[in-house]
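Quick notes on the structure that follows.
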Number of protein chains: 2
Amino acid sequence: MLNSYDTEDKVLLAVDCIIFGFDKEDLKILLIKRDFEPEKGKLSLIGGFLKKSENLDDAATRILNHLTGFQDIYMEQLYAFSEVDRDPVERTISVAYYALINVENHTEELNQDYDAKWFSVENAPKLIFDHDRMVRRAISRLRYRTATKPIGFELLPEKFTMRQLQKLYEAILSKKLDKRNFISKINSLDVLVKLDEKDMLSSRKGSYLYKFDQEKYMEKSTQNFSLNL
Amino acid sequence: MLNSYDTEDKVLLAVDCIIFGFDKEDLKILLIKRDFEPEKGKLSLIGGFLKKSENLDDAATRILNHLTGFQDIYMEQLYAFSEVDRDPVERTISVAYYALINVENHTEELNQDYDAKWFSVENAPKLIFDHDRMVRRAISRLRYRTATKPIGFELLPEKFTMRQLQKLYEAILSKKLDKRNFISKINSLDVLVKLDEKDMLSSRKGSYLYKFDQEKYMEKSTQNFSLNL
DNA sequence: TTTAATAAGTGTTAAAATCACATTTTTTTA
DNA sequence: TAAAAAAATGTGATTTTAACACTTATTAAA
């Protein structure tokens, strides 16, 4: 059956995922050694192709789950990369997504069939194709997101200290923050619950653990706010 | 020649353009009556398909130029829309772009072969497919952009009054602004040049015309800044 | 020619937000 | 019991933001 679209070009649509993780100190990204030509053996983002039967969000979720085993992950569409020669094999447009996860909770479930490893975002290795550009754009989006959504929490374990939360924001924004000012700004968001429990690993005194107030957190995630750190 | 991508699905990649214009009072978008089935006769964004030989930015520019005659227009990629059934004819992913133009300067050069007309963004008509969603997302991006780039200027004639600039920002943000505060914030951006000329159309006293300082403007457009209105 | 009308132009002040900054507390281990 | 280590906590100065009203320049009408 003919239709007016029949003379148009069709292309491959890739989905590449920038997976951010945090391990108490540094912001990391998950990379794999590409196991097919071209650029076999080089480092690459986790990626795959869109199927006709799914939308891009679903494809991103499927690809992430397939290559890592991760489920229920925060993902957001980033940008479509479309330079004509970006993939030497064939004309491919790639829609990048970024995801946020907590390294600790997810490292054991990492699917070992694929050689995925965490790399620090600072001094990251060179990636194939235009994947470096994707990472740079993802970082810049992530920085913006911290100012509009309570996003950083996705990267932390369920219970965490203020210090850890601050380290996370410092890693994302790549700058030092003042402890007292940070705490009062975070508290003013009104999404945290202070627990009676202390974390005794980091100091002799021990530091209080926090978790978020699920309800308030969901509320703030759907609204917009402004957090200037 | 076979390669590892051969078993993957290929899809049509559309590019749809949200073209914002400003006519001294209201923020508008340019729409066309679709002249082919399905949904023939209904209102739609300006769109077309990506060719294998071009990237998305080039496709957006080509499509805009072809359907309107406009050239040298500010465009920015917005988002990829990919619901499986978004286009009933065939699986199509659409990457939306938005553009900003000055209605006055461009209405005469509007290509009359296509039945393109300006519609107010407030009380806009219902559009085909998911084009309404695209418009909503474009407005929200545009609002954000006003806070980070000297973007609004693309929508004004070369010489304009402070009043016109304020009206533009009011239309984009959909709220009233204080005249004195607005002027001082704009001036602090340091991109405007006050001319000796006055616009005598709007009042008996006449109001000074401004243009931008090209050099400073370009500087600020590439940097980021923060303008809270 | 005087007056009425119209939008333009212009500063100040109070309130709120931001930033810089240092000491005390708790606990463990030597 | 003293020393060490990180946690916890508040204030004051500065900057930014927001609210607010009268005077000026000009033209058209009386």
Side-chain angles (χ1 to χ4, degrees), chain A residues 23-25 143-144 146-148 150 156-157 159-171 173-211 220 224-229, chain B residues 23-26 143-144 146-148 156-157 159-171 173-211 220 224-229:
Chain A
D23 70 348
K24 292 190 158 59
E25 280 300 322
R143 283 182 186 156
Y144 165 59
T146 60
T148 56
L156 292 171
K159 299 172 182 179
F160 50 86
T161 65
M162 274 292 179
R163 189 79 192 136
Q164 284 173 286
L165 185 60
Q166 184 179 341
K167 286 253 183 224
L168 168 60
Y169 274 89
E170 287 179 340
L173 301 172
S174 202
K175 69 174 179 194
K176 285 266 163 248
L177 300 171
D178 178 273
K179 182 164 46 160
R180 281 170 289 188
N181 294 337
F182 177 78
I183 290 171
S184 60
K185 283 177 182 180
I186 290 293
N187 280 333
S188 74
L189 291 184
D190 189 32
V191 292
L192 288 192
V193 181
K194 188 177 193 170
L195 304 176
D196 276 333
E197 227 174 315
K198 281 192 165 187
D199 171 290
M200 299 308 296
L201 299 171
S202 59
S203 78
R204 301 196 172 141
K205 184 175 174 182
S207 57
Y208 282 106
L209 288 165
Y210 291 78
K211 61 171 188 169
K220 302 273 171 174
N224 268 39
F225 62 76
S226 164
L227 173 66
N228 297 311
L229 294 174
Chain B
D23 71 347
K24 292 190 156 61
E25 280 299 322
D26 293 310
R143 283 182 186 158
Y144 164 60
T146 59
T148 55
L156 291 171
K159 299 171 182 181
F160 50 86
T161 65
M162 274 291 180
R163 190 80 191 135
Q164 283 173 287
L165 185 60
Q166 184 179 341
K167 285 251 182 224
L168 168 60
Y169 275 90
E170 287 179 341
L173 301 172
S174 201
K175 68 175 179 194
K176 286 266 164 247
L177 300 171
D178 178 273
K179 180 165 48 160
R180 281 171 288 188
N181 293 340
F182 178 79
I183 291 171
S184 58
K185 282 176 183 180
I186 291 293
N187 281 334
S188 73
L189 290 184
D190 189 32
V191 292
L192 287 192
V193 180
K194 188 176 193 170
L195 304 175
D196 276 334
E197 226 173 313
K198 280 192 164 187
D199 171 289
M200 300 308 296
L201 299 172
S202 59
S203 79
R204 300 200 171 138
K205 183 175 175 181
S207 57
Y208 282 106
L209 288 165
Y210 291 77
K211 61 171 188 171
K220 302 273 172 174
N224 267 39
F225 61 77
S226 164
L227 172 67
N228 297 312
L229 294 174

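Because only heavy atoms are used, hydrogens play no part in the values below, and waters and symmetry mates are left out as well, while side chains stay in. Chain identifiers are assigned alphabetically (A, B, ...) following the order of the sequence lines, protein sequences preceding nucleic acid strands; residue numbering begins at 1 within each chain. Given the structure is predicted, the values throughout are model-derived calculations rather than measurements.
In this structure, Met162(B) CE and Lys194(B) NZ are separated by 8.0 Å, a value rounded to the nearest 0.5 Å. Atom CG in Leu165(A) sits 10.0 Å away from atom CD in Glu170(A) (nearest 0.5 Å). Leu229(A) CG to Thr146(A) OG1: the interatomic distance, rounded to the nearest 0.5 Å, is 6.5 Å. Glu25(B) contributes atom CD, which lies 4.5 Å from atom NZ of Lys167(B) (distance to the nearest 0.5 angstrom). From Leu177(A), atom CG reaches atom CG of Leu168(A) across 10.5 Å, with rounding to the nearest 0.5 Å.
Among the nucleotides dG11(C), dA8(D), dG10(D), the one closest to any side-chain atom of Arg180(A) is dG10(D). Distances from the side chain of Tyr208(B) to the nucleotides dG9(C), dG11(C), dT27(D) place dG9(C) closest. In the set dA7(C), dT9(D), dA6(D), dA6(D) carries the atom at the smallest distance from any side-chain atom of Ser203(A). Among the nucleotides dG9(C), dT9(D), dC20(D), the one closest to any side-chain atom of Lys194(A) is dT9(D).
Rounded to an integer number of Å, the gap from CD1 of Ile186(A) to P of dA8(D) is 15 Å. Counting to the nearest Å, the C1' atom of dT10(C) and the CE atom of Met162(B) are 12 Å from each other. The CG-P distance, from Leu177(B) to dA18(D), rounds to 10 Å in whole Å. Note: OH (Tyr210(A)) to P (dA7(D)) measures 12 Å, nearest angstrom. Atom NZ of Lys198(A) and atom P of dA8(D) are 6 Å apart (whole Å). Taking atom CG of Leu201(A) as the reference point, atom P of dT29(C) lies 12 Å away to the nearest angstrom.
In terms of position along DNA chain C, the nucleotide closest to Arg163(B) lies nearer the 5' end than the nucleotide closest to the other residue of the pair Asp178(B) and Arg163(B). Ranked by how close their nearest DNA chain D nucleotide is to the 5' end, Lys179(B) and Leu229(B) are led by Leu229(B).
In terms of polar N and O atoms assigned as donor or acceptor, the side chain of Lys205(A) comes within less than 3.5 Å of the base of dT25(C) in a complementary pairing. Remark: the Arg204(A) side chain and the dA6(D) base include no donor-acceptor N/O pair separated by less than 3.5 Å.
Applying the 4.0 Å criterion to OP1 and OP2 of dT18(C), one finds that Asn228(A) has a side-chain N or O inside that range. Distances shown here put a side-chain N or O of Lys185(A) below 4.0 Å from the OP1 or OP2 atom of dC19(C).
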